[in-house]
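Working notes, structure below.
Throughout, numbering of the chain's residues begins at 1 and tracks the sequence.
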Amino acid sequence: MRKEKEETAKVEIEPKVETFLLSKEKLTTELRLPAELTGFQQVDLYAKVSSFVKTLKVDIGSKVKKGQLLIVLEAPEISSQVA
């Protein structure tokens, strides 16, 4: 009778092992965060002579291309010297 109690105690002490099916899948990670997008290049423009802005063709933050006319300047002093 004592052996039966010992066997019963051994069975109750054994830990349970959980199992699962392992499958191969493509690894993906997605992370969404609030953010602010800014340009990666900024250029300061300076006139070679003293002048006034006659026409402004683009606004701050506008997308521009190489060779595009951005601003038209008017230099009355230079014009009078040429005349």
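- In this structure, Lys57 NZ and Leu70 CG are separated by 10.5 Å, a value rounded to the nearest 0.5 Å.
- Applying the side-chain contact (heavy atoms from CB on, under 4.5 Å) rule to Lys54 yields the partners Val72, Glu74; only residues at least two apart in sequence or on another chain are considered.
- Of all heavy-atom pairs spanning Ser51 and Ala75, the tightest one is CB-CB, 3.9 Å.
- A search for side-chain contact (heavy atoms from CB on, under 4.5 Å) contacts involving Ile71 returns Val53, Leu56, Leu73, not counting sequence neighbours.
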